[in-house]
Amino acid sequence: MTYDFDRRIDRRHTRSYKWDQNDKLFGDSDVLSLWVADMDFLSPPAVQAVLEKRAALGVYGYAIRSNSYFDAIVNWFERRHGWSIDPKWISDSPSIVTTLSLAVELFSEPGSQVVLQSPVYYPFYDVIQGNGRIVAKNPLVLRNGRYEIDYDHLESLFQGGAKLLLLCSPHNPGGRVWEREELLRLGDLCLKHGVTVISDEIHCDLALSGHKHIPFASLSPELADITLTGLAATKTFNLPGLQTSYIVASNPSMKRKFDHRIKTLSLHMAHHFAQDAVEAAYNEGEAWLDEMLAYVEGNLSYTLAYFKEHLPEAKPLRPDGTYLLWIDCRDLGLTVSELKALMFKQAKVAFSEGSVFGTEGEGWLRINLACPRSIVEQALRQFVQAARNR
Ligand SMILES: Cc1ncc(COP(=O)(O)O)c(C=O)c1O
């Protein structure tokens, strides 16, 4: 390994969202944080180098985007995903959640139903409800330890008037990397019922071995025409604090509407640092990404084996992708508040408590495995010991 993912980096007192809120959120600064989806790893060295160079300018005036930034995105998707993107289809957005929220506002009517597939990353609910729309839930179905899409229920929601779908692909939590056939079947229903798709593909680069992410808009020109895809290098290369993402929309009318709204809100200006970091990550971070994924797979194998041996009542779903592990803890027989007390008070670990992803997540936990193995080992030891000593 070229990169040292074992190195423990103390992120406390760095204004870290994940590590500097333990007192406030969990009443204890000693809690081990494995919740928010960022990594406790250094970003690729090329990213740090370019940011240092940019910081050294000393003048932090308004910035523009260079063609090389768009080239880096286009080349990345061609190389890693076999998806040909025209740079004209790309626009920046401060974050994926910003994109989701603007898309709900632009591509659905006030008071209308917008579909999500639960359990799902909690801001999906916020952007629908906060924009005065109604959440139309298509709960995922658990079959043989794997989430699947309930197509019949999905179609009934479309028949009931829902015209917008927020797709999470790969899916968080649960780690499904949707397969071609699954996406095509979903796409057929969307085409049949005139449904627009906002595809959040922030986890696209995090497919684990044996799995391949398929960009929804790459499936056919017809599907590309009804889709706006939200993408970012932030999850892939651990840059989320830079607050940068982009959309890909080949449908000119959708792109125009999005750009107009971004401009109206004055969210269109380039960031002084972000575009350089993204460009360096895509152009020079590939080897880092492959090693990071291999390291996370090691953490995953360790965790699966640990639960099997020491706490078989907790049943993790083996993810196809993402560095997030979704664990069915319902057999521990604990209420939501008891599960929280077990984590935060007794075990002194913070995993994500499942009900925030929707009622289907009650009794589940999500562990972020993008951290040094020693943190995973320590957190599991503390959690299992506390669960055993109840
Ligand atoms: C599915 C999904 N979408 C979006 C985000 C957040 O993206 P951003 O910080 O760009 O809003 C996350 C972060 O965990 C996520 O899991």
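Both counts, for ligands and for their atoms, begin at 1 and track the order of listing. Just so it is clear, the model here is predicted, and its values are computed rather than measured. Atom set for the values below is all heavy atoms of this structure, side chains included, hydrogens, waters and symmetry mates excluded.
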Run the contact test for His171 against ligand 1 with a 4.0 Å cut-off on heavy atoms, strictly below, and give the result.
no
State plainly whether the residues Asp320 and Arg146 are in salt-bridge range, i.e. N to O under 4.0 Å.
yes
Do the charged groups of Arg366 and Glu353 touch, with an N to O distance under 4.0 Å?
no
Considering heavy atoms of the protein only, find what lies nearest to atom 5 (C) of ligand 1 and give residue, atom and distance to 0.1 Å.
Tyr121 CE2, 3.3 Å
Of all the atoms in ligand 1, which lie at a distance below 4.0 Å from a heavy atom belonging to His203?
1 (C), 15 (C), 16 (O)
Ligand 1 and Gln243, any nitrogen or oxygen pair closer than 3.5 angstrom?
no
Does Ser108 offer a backbone N or O that forms a donor-acceptor pair with the side chain of Ser112 under 3.5 Å?
no
Consider ligand 1: state whether an atom of it lies below 4.0 angstrom from any non-hydrogen atom of Asp200.
yes
Which of parallel (below 30°), tilted (30 to 60°) and perpendicular (above 60°) describes Phe344 and Phe26?
tilted
Can you sort out which atoms of ligand 1 are near Val97, meaning under 4.0 Å from one of its heavy atoms?
11 (O)
When you compare the side chains of Ser66 and Gln275, does any donor N or O come within less than 3.5 Å of an acceptor on the partner?
no
Is there a donor in the side chain of Tyr69 and an acceptor in the side chain of Asp92, or the other way round, less than 3.5 Å apart?
yes
Taking atom types as modelled, is there a side-chain donor on Ser43 or Gln48 under 3.5 Å from an acceptor on the other?
no
Atom 14 (O) of ligand 1: the protein heavy-atom neighbour that sits closest, reported with distance to 0.1 Å
Lys235 NZ, 2.7 Å
Below 3.5 Å, N or O to N or O, backbone or side chain included: is there any such pair between Ile96 and ligand 1?
yes
Within a distance under 4.0 Å of any heavy atom of Ala37, pick out the atoms of ligand 1 and give their elements.
14 (O)
Quick one: look up the protein heavy atom nearest atom 7 (O) of ligand 1 and list residue, atom name and how far away it is.
Ile202 CD1, 3.3 Å
Excluding sequence neighbours, so at least two apart, what forms side chain to side chain contact (heavy atoms under 4.5 Å, CB included) with Glu297?
Leu208, Ser209
For ligand 1, which atoms sit closer than 4.0 Å to a heavy atom of Cys168?
1 (C)
Would you check the N or O atoms of Thr98, main chain and side chain alike, for any that come under 3.5 Å of an N or O of ligand 1?
no
